[in-house]
Number of protein chains: 2
Amino acid sequence: MFASNTGDTHGDPTTVPPHPCAAWPDNGAGIRETIDRVGDKWSVLVIGILAAGPLRYSALRDQVPGISQRMLTLTVRHLERDGLLTRTVYPAVPPRVEYELTPLGERLRETFYAFVQWATDHNDEIEESRRRYDAR
Amino acid sequence: MFASNTGDTHGDPTTVPPHPCAAWPDNGAGIRETIDRVGDKWSVLVIGILAAGPLRYSALRDQVPGISQRMLTLTVRHLERDGLLTRTVYPAVPPRVEYELTPLGERLRETFYAFVQWATDHNDEIEESRRRYDAR
DNA sequence: CTGTATCCTTCACGATACTG
DNA sequence: CAGTATCGTGAAGGATACAG
């Protein structure tokens with residue numbers, strides 16, 4: 001879609017190709033913010049797991065291998081703040097809290113899916129590339 | 001595929017919908033690794049910029065606002081190792097090095113595009129959600 | 001059961017200086 | 001021009017204990 005190409009200028013050693021068009025829709029700042037929002041250690045995992053349906057705190061914790069209570073709480077709070085999931089407290093003893101993806105969160109998950117698919121499809125290719133790179 | 005179900009115990013007064021489908025293709029480990037690969041501070045930005053065509057070191061540095069030489073070098077080295085871009089040294093004085101996305105890197109960029117699109121489309125919605133969350 | 005509150009460690013990153 | 005080398009910092013995250 002982009003890549004209108006700059007490579008034709010290679011004959012001139014000093015030519016720095018001008019950027020023909022924007023790489024991303026916006027200019028980096030918003031993207032960084034968005035990546036940070038879900039680029040932390042656990043957000044994507046939590047979103048992926050919640051895709052299967054709502055879960056309560058303990059179930060969520062059990063399904064995210066290795067997460068600490070601290071990080072689980074922080075993660076879901078952030079996601080709730082951004083409107084990606086809802087946190088519902090059922091007044092009972094003992095307390096019960098359920099987390100569920102919002103439509104917004106579900107749509108985000110769908111965009112991730114392409115990425116995860118890519119990672120799955122090309123995992124071998126990547127590891128092979130690493131091996132070649134390391135062997136020199 | 002996973003989420004082999006945990007919610008079976010709340011069958012009584014409050015039915016929790018069973019997971020309709022799998023969360024992610026693989027079990028988290030591979031996903032984590034992949035997210036780490038591009039979830040750092042600069043990789044996605046570099047990939048997005050290189051989508052417009054090959055660039056030499058200095059041009060790349062100029063187009064990634066705020067990146068240090070150290071991080072630029074580290075980032076492109078990692079991406080090269082994973083086979084996402086190529087690094088071509090033209091023997092000349094002064095030296096000239098060009099970085100270019102591989103087809104693999106280009107396909108990764110396409111999956112990012114959906115994500116960036118999502119972020120752009122829903123940025124207002126997210127900020128509104130945050131405002132509501134913070135106001136209580 | 002669903003969280004907080006601390007403490008502590010690691011490491012990603014930035015700044016700066018230097019080099020082939 | 002295209003990098004290394006080195007040092008310092010802050011923030012992210014883990015471990016553990018405690019609480020409503």
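Lettering follows sequence order; numbering is per chain, from 1.
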Separation of [X] atom [atom1] from [N] atom [atom2], in whole Å?
X	N	atom1	atom2	result
Leu55(A)	dT2(C)	CG	P	11 Å
Lys41(B)	dA12(C)	NZ	P	13 Å
Arg96(A)	dG3(C)	CZ	P	13 Å
Arg87(A)	dT2(C)	CZ	C1'	8 Å

At a cut-off of 3.5 Å, list every protein nitrogen or oxygen paired with a nitrogen or oxygen from nucleotides 18-20 of chain C, distance to 0.1 Å.
none

Would you give me the side-chain donor-acceptor pairs under 3.5 Å for residues 41-55 of chain A, sequence neighbours excluded?
from, atom 1, to, atom 2, distance (Å)
Ser43(A), OG, Asp40(A), OD1, 2.7
Ser43(A), OG, Asp40(A), OD2, 3.0

DNA chain D contacts among residues 73-82 of chain A, heavy-atom distance under 4.0 Å:
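DNA chain D contact set from residues 73-82 of chain A: none.
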
End-to-end bend of the helix from dC1(C)-dG20(D) to dG20(C)-dC1(D) (five-pair axes, 10° rounding)?
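It comes to 50° between the two terminal axes.
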
For chain B and DNA chain D, what are the first and last nucleotides along the strand, 5' to 3', with at least one atom under 4.0 angstrom from a heavy atom of the protein chain?
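So the contact region on DNA chain D extends dC1(D) to dT6(D).
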
Cationic N near anionic O, under 4.0 Å, Arg132(A) to Glu125(A)
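No salt bridge links Arg132(A) with Glu125(A).
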
Have a look at Arg61(A) and say if it touches a base, only the backbone sugar-phosphate, or nothing, with a 4.0 Å heavy-atom cut-off.
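Base, at least one base heavy atom under 4.0 Å.
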
Six-ring centre of Tyr133(A), Arg131(A) cation under 6.0 angstrom, axis tolerance 45°
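Cation-pi check for Arg131(A) and Tyr133(A): fails.
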
List in chain and number order the residues that pass ring pair (Phe, Tyr, Trp, His ring centres under 6.0 Å) with His122(B), two or more places apart in sequence or in another chain; answer none if no residue qualifies.
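By the ring pair (Phe, Tyr, Trp, His ring centres under 6.0 Å) rule, His122(B) matches Trp118(B).
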
Would you mind reporting whether Thr111(A) and Tyr113(B) have side-chain heavy atoms less than 4.5 Å apart?
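They are not in side-chain contact.
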
